[in-house]
Amino acid sequence: MEKQVSLPRGTKDILPDEVQLWQRIEATAAVIFGRCHCSEIRTPIFEATELYARGIGEATDIVSKEMYTFIDRGERSVTLRPEGTAGVVRAFIQNKMFALPGPQKLWYSGPMFRYERPQAGRQRQFNQIGMEIFGTSSPKADAEAILVSLDIFEALGVQGLEVQINSLGCPDCRGNYRKALVAFFENKKEEYCSDCQSRVELNPLRVLDCKVPACKALNQDAPSIQETLCEGCREHQKELLAFLDSVGTSYRLNPKLVRGLDYYTRTVFEVVSGSLGSQNTLCGGGRYDNLVEECGGPPTPAVGWSFGVERLVMILGGKGNVLPLDLFVASLGEAAERKAFELAHGLRKSGLSVETDFSGGKLDKQIKQAIRLNAKFLLILGEDELARGECLLKNLSERSQGAVPLEGAVEAIAGLVK
RNA sequence: GUGGGUGUAGCCAAGUGGUUAAGGCACCGGAUUGUGGUUCCGGUAUGCGAGGGUUCAAAUCCCUUCAUCCACCCCA
């Protein structure tokens, strides 16, 4: 055998037995998006590098060390999209969707790329399904967005999820909190882990969700962002929670919830699962009221989220069902095989799923193959049947069998099988 | 980018310097010339992720490399 080429690091083939589940996820999401009048948008898989550098933030891990960036033949720097929001925002602005009446609700689905070390629940190419609502700062939109994600998970039968919510404030009040937090850290800097010490410089909020027990203990006494929110942000969150309460959705207010993208304002949230291992976030999102303007559009508040399809597949247990098969067509002898081929073709056109024998082997082998494929019915056409002008139709589960005249066989069999 | 684990057939694996690399599942053939998943018999690795080295002798020891898994950073 020739030397094999294997797939690139951090990528995965999605094989037929799992594709069934993917199709179910995609179809379910599409239905639920449709119910809240949310339209699909499809944007390119690569964009100008500058879009991500400006939109996501130069200092974030995604931009500083995880992007698949290359120079194309026209000497442009382009990047495989590491997340979906920036591209959708770009499309929203470029196509002047801000001029359309009312808030715009958009959803997307597709692969994202981040150059990271693979581990459980993390790949270099992975798929996200996400939604964005542009043009309203109402906390009702935050609540609706969260509920849409939960509706999708519920419709798929996902159990054991927890919604965590926090507010990161707005440019007015976030600065105050940041100052208070840095002051708190400076006092006990030596007691924190080395990661946290560098986090204080880069993104102090990150210290809050450090996993090291010593840091966690120290953080008990850290000031809470919830206490330094300005009046507007406090009110926004209160209304969001009231909307969630009104439909009986449970959530946990987590003042230490921080997210890795720079563009979030006010609401941030995550949907976490206990059955994902260390990467336990299934869905993450929040409000980003300044991003559209920062990307060159008119001031437009927005809120959105995305979930990882691979992580959802993990929770749902991976394997779906095998492809059902209505009928297996067995044949013996050359003339019979041709007639059987013709019947199979006709039955497929009439809507049945049909598989035929390719081996030309003995009848018992063909029957075993039909059973292995989990066929409901078996059609047998040998030289004897052909001579009599009929074929045999066998119900494999009931082990019953009857003759069907070849004349009009397609209609007769389609009626019996369906 | 950092740390640890693992690579033997399609899958699960035994083997820790010495005949011909166990076993199970799956697959293929036969017993059984045209009717069922059982049973029985037989077959399937010039090869142990790849490359180099040590040795009379290497899946086994050493070096390099690749892949994979788990964790950190961070995130879906």
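Convention: sequence-line order gives letters A, B, ...; per-chain numbering from 1. Everything quoted here is computed from the prediction, not taken from an experiment.
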Pi-cation contact, A/Y68 with A/R124 (under 6.0 Å, within 45°):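 No; the conditions do not both hold, so A/R124 does not lie above the ring face of A/Y68.
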Please confirm whether the shortest side-chain N or O distance from [X] to OP1 or OP2 of [N] is below 4.0 Å.
X      : N     : result
A/R122 : B/C69 : no
A/R259 : B/A76 : yes
A/Q119 : B/A71 : yes
A/R117 : B/C72 : no
A/R372 : B/C27 : yes

For [X], answer base if it contacts any base atom (sugar-phosphate contacts may also be present), sugar-phosphate if it contacts only those atoms, and nothing otherwise; contact means non-hydrogen atoms under 4.0 Å.
X      : value
A/E116 : base
A/L312 : nothing
A/K362 : sugar-phosphate
A/E383 : base
A/R399 : base
A/L396 : base

Pull out every stem in RNA chain B, meaning runs of 3 or more consecutive Watson-Crick or G-U wobble pairs with both distances under 3.5 Å. B:1-7 with B:66-72, B:10-12 with B:23-25, B:27-31 with B:39-43, B:49-53 with B:61-65
Among residues 50-68 of chain A, which residues get a heavy atom nearer than 4.0 Å to RNA chain B?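 A/D61, A/K65, A/E66 - these, ordered by number, are the residues of the stretch whose heavy atoms sit under 4.0 Å from the strand.
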Glycosidic torsion of B/G47 (syn if within 90° of 0, anti otherwise) classifies it as syn
Are side-chain N/O atoms of [X] and [Y] paired as donor and acceptor at under 3.5 Å?
X      : Y      : answer
A/E132 : A/Y288 : yes
A/T281 : A/E270 : yes
A/T136 : A/S138 : no

